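Working notes, beginning with the structure itself.
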There are 2 protein chains.
Amino acid sequence: MATIKDVAKKAGVSTATVSRVVNNGPKVGDKTRARVLAIMAQLGYHPNENARALVTKKSQSLGVVIPDLTDPFFASLANGVDKIARQNNMQLLLSTGSISEESERQAISFLLERRCESIVVHSKKLSDQEIIEFANKIPGLVLIDRFIQEIADKCIWLDNEEGGKIAARHLLSLGHKQLACISSRYQIDDPALRFKGFKNELTESGLSLLAHHFVEDEPNLQGGEVATQKLLASDTKFDAIFVYNDAMAIGAISTLEDNGFKVPLDVSVIGFDDVLLSRYSRPKLTTLHYPIEEMAEFAAQLALGKIAAPATEQGNGHKYIPRLVKRESTSLKT
Amino acid sequence: MATIKDVAKKAGVSTATVSRVVNNGPKVGDKTRARVLAIMAQLGYHPNENARALVTKKSQSLGVVIPDLTDPFFASLANGVDKIARQNNMQLLLSTGSISEESERQAISFLLERRCESIVVHSKKLSDQEIIEFANKIPGLVLIDRFIQEIADKCIWLDNEEGGKIAARHLLSLGHKQLACISSRYQIDDPALRFKGFKNELTESGLSLLAHHFVEDEPNLQGGEVATQKLLASDTKFDAIFVYNDAMAIGAISTLEDNGFKVPLDVSVIGFDDVLLSRYSRPKLTTLHYPIEEMAEFAAQLALGKIAAPATEQGNGHKYIPRLVKRESTSLKT
DNA sequence: AATCAAAATGTAAACGTTTAGACTTTAATC
DNA sequence: GATTAAAGTCTAAACGTTTACATTTTGATT
């Protein structure tokens with residue numbers, strides 16, 4: 001693989017001159033530039049980014065840390081970051097690590113070792129403390145889908161609680177009174193917040209949630225099916241379900257119909273996230289849109305320092321509100 | 001950011017010794033190792049991978065080139081590569097580039113500049129010639145989802161034609177005789193090959209495809225819907241459809257049911273790819289499994305030289321055969 | 001022809017590592 | 001206590017760039 005020296009020698013100039021040509025530097029004569037360019041092409045020269053990064057202390061890369069790529073939600077996140085990377089002619093460094101606290105730490109360390117100065121991090125396992133430490137070490141680190149007071153202006157997050165409220169308001173406005181919930185069995189913040197908001201809104205309307213109308217399971221299609229069976233087994237009526245995410249909601253609808261319930265005629269179902277799936281299901285799913293790609297793009301810009309970090313409104317960081325997407329799985333109580 | 005020199009100075013040893021500690025090298029005393037380790041932790045030292053890559057000429061990274069991440073198919077591909085990267089403690093370098101020939105070239109160049117020595121490439125736009133050139137320049141380059149004779153043993157691909165045959169055999173075995181096809185409007189090899197295999201198989205059984213039973217549209221949900229409308233408009237009967245991919249197939253089913261046809265009772269539908277979606281649709285989709293993640297893992301291992309490249313059977317490179325997944329959208333002709 | 005500023009080009013140090021090879025210490029053997 | 005092999009440690013060059021600064025060339029002005 002040809003180096004800058006090879007090019008310099010063959011062109012009869014110094015490496016400095018070649019470097020200037022490569023970087024479109026200013027002080028180089030036209031004929032020289034042409035000659036060097038020709039030789040570069042001839043030799044198939046590609047500058048060594050590692051050497052460059054070493055001396056300039058800039059890595060020309062944009063990092064992103066997510067649990068894994070198979071989940072379309074995270075794929076969208078990564079895609080948002082990638083979009084910004086491409087816009088800025090930077091290389092995307094993707095680090096996956098979810099299974100454990102240790103692997104999240106590893107994922108960030110990997111990027112640190114490559115001196116990646118702008119990183120969008122999605123982390124659920126690392127402690128607030130450790131994230132704050134990383135953030136102090138890396139000025140261009142931003143945190144997505146999580147809020148930590150101490151680094152508020154580096155946090156891009158969704159107001160899950162408000163999402164729960166919006167779902168509740170929607171179902172109430174359709175005249176439903178006997179509500180049920182299907183949640184994720186994993187004790188992370190997201191489900192807790194969503195259902196907190198949901199319940200609070202019910203309370204405000206003088207309604208409440210029966211204990212056996214709140215069930216939990218795996219946050220996927222099967223989990224939704226199992227959870228719905230539990231709900232049906234409890235033998236008390238419900239006319240609407242707020243489900244933790246779209247995959248579970250689709251599982252729920254499937255089980256409901258297998259048991260003779262029409263959606264939305266007999267039971268309205270509302271999901272959360274608005275993943276691709278929700279537009280492919282029948283009936284098409286009413287859900288809350290989680291603008292993850294948009295958030296990821298914003299996060300990436302912020303990490304790159306492209307955004308004059310706007311005074312964060314009352315120390316809330318950069319908060320997004322989910323938007324109700326009415327489709328076919330909810331309807332007026334009949 | 002602390003460097004190896006800072007650590008060396010503080011520990012009162014040479015950088016060579018610190019380097020040996022960092023790399024778990026052999027010749028270093030126990031007390032020294034302990035002291036250096038302590039100081040590294042205290043200083044929050046992270047070795048600079050760029051400097052390392054420069055001197056060792058090894059980048060500890062695994063590259064992957066795909067069109068984009070939002071398509072679950074490519075996300076799975078990337079995920080397979082990432083899995084191998086993690087297993088080998090390497091960083092994934094993801095380069096997207098699909099829109100144009102130029103951006104595919106860019107994507108590969110990016111990786112080249114980072115001296116990434118193992119790359120899994122998905123490319124549809126670059127010419128055979130150019131890919132061969134890249135492959136010669138980068139010994140660890142492998143090509144996925146495409147076959148080029150000259151670099152056969154670096155190609156990992158799916159036999160699309162055989163897939164078409166399998167689909168045809170399946171539908172014929174169910175007793176269907178009036179077959180229709182929905183294809184992608186994009187003139188790349190994949191659809192052409194799939195339908196070539198399909199038609200050949202029909203011919204062998206003495207059947208043929210009516211011209212207006214072959215329609216094309218965008219390879220997505222809407223495209224499937226539109227294509228099906230065209231099919232229905234032609235007003236000739238068909239009892240089974242072979243659809244280019246799962247997304248289109250789901251759109252097709254949706255339109256069929258809207259028009260009073262039951263799937264699979266009135267019409268059997270078979271898709272291709274076996275994406276997540278196909279398990280979520282109702283009826284669950286019968287389709288051909290495209291083992292892309294498995295192929296990607298294999299490709300990554302091959303790129304890393306972890307696999308003693310098995311003598312490729314009759315110069316076909318590494319060929320995979322799609323597998324029929326019978327679910328609910330096809331059934332015996334009633 | 002001499003002068004000079006501007007433009008073009010070159011020199012050399014620096015970036016943070018790794019790793020031969022040289023040197024020093026340790027401890028076992030006589 | 002001398003000898004020696006092994007174990008531990010250090011020195012210094014190298015990797016491929018960029019870039020301040022120095023030097024040379026160019027061409028206009030006198």
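Order of the sequence lines fixes the chain letters, A, B, ..., with proteins taken first and strands second; residue numbering starts at 1 for each chain. Worth saying up front: this structure is predicted, and the values here are computed from it rather than measured.
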| said: Whole angstroms only, please: what is the CE-C1' distance between B:M40 and C:dT17? | reply: 14 Å
| Candidates D:dC15, C:dT17, C:dT11 - which lies nearest the side chain of A:S14 | C:dT11
| request: When you get a sec, tell me which of C:dT17, D:dC21, D:dG16 is the closest nucleotide to the side chain of B:N48? | output: C:dT17
| field | Donor + acceptor pair across side chains of A:N160, A:Y290 (<3.5 Å) | value | no
| C:dT17 C1' sits how many Å from B:E49 CD, rounded? | 10 Å
| Nearest-Å distance for atom pair CZ/C1', residues A:R20 and D:dT19 | 8 Å
| field | Whether A:S19 side chain and A:T15 backbone form a donor-acceptor pair below 3.5 Å | value | no
| field | Which nucleotide in D:dT17, D:dC15, C:dG16 has an atom nearest any side-chain atom of B:A51 | value | C:dG16
| query | Between D:dT11 atom C1' and B:K9 atom NZ, what is the distance in whole Å? | reply | 17 Å
| query | Are the side chain of B:N23 and the backbone of B:G25 linked by a donor-acceptor contact shorter than 3.5 Å? | reply | no
| With a 4.0 Å cut-off on heavy atoms, is B:K57 in touch with a base, just the backbone sugar-phosphate, or nothing at all? | sugar-phosphate
| task | Could you please name the option among D:dC15, D:dT19, C:dG10 that lies closest to any side-chain atom of A:T17? | result | C:dG10
| query | In whole angstrom, what separates A:R115's CZ from D:dT18's C1'? | reply | 18 Å
| query | What's the NZ-P distance between B:K27 and C:dT25, to the nearest Å? | reply | 17 Å
| request: Among D:dT18, C:dA20, D:dT19, find the nucleotide with the atom closest to the side chain of A:A16. | output: D:dT19
| remark: Quick note, B:T3 side chain, CB onward, closest among D:dG16, C:dT9, C:dT17 is C:dT17
| field | B:R33 CZ to D:dT9 C1', straight-line distance once rounded to whole Å | value | 13 Å
| said: Taking the minimum atom-to-atom distance to the side chain of A:V55, which one of D:dT9, D:dG16, D:dC21 wins? | reply: D:dG16
| query | To the side chain of A:N23, which of C:dT17, D:dT18, D:dC10 is closest? | reply | D:dT18
| message | So B:T56, base contact, sugar-phosphate only, or nothing? Heavy-atom distance under 4.0 Å. | response | sugar-phosphate
| Does the side chain of A:T96 pick up a donor-acceptor pair with the side chain of B:D82 at under 3.5 Å? | yes
| Side chains of B:E293 and B:N79: donor-acceptor distance under 3.5 Å anywhere? | yes
| query | Distance-only, no hydrogens or angles: does the B:E104 side chain make a donor-acceptor pair with backbone N or O of B:L126 under 3.5 Å? | reply | yes
| Nearest to side-chain heavy atoms of B:L54, which nucleotide of C:dA8, C:dG16, C:dA12 | C:dG16
| request: Round to the nearest Å and state the distance from A:N24 atom CG to D:dT17 atom C1'. | output: 17 Å
| request: On DNA chain D, check which nucleotide each of B:D30 and A:A2 is closest to and give me the residue with the more 5' one. | output: B:D30
| query | Contact class for A:G12 (heavy atom, under 4.0 Å): base, sugar-phosphate, or nothing? | reply | sugar-phosphate
| request: Report the nucleotide, chosen from C:dT18, C:dT9, C:dG10, that has the shortest atom-to-atom distance to any side-chain atom of A:V13. | output: C:dG10
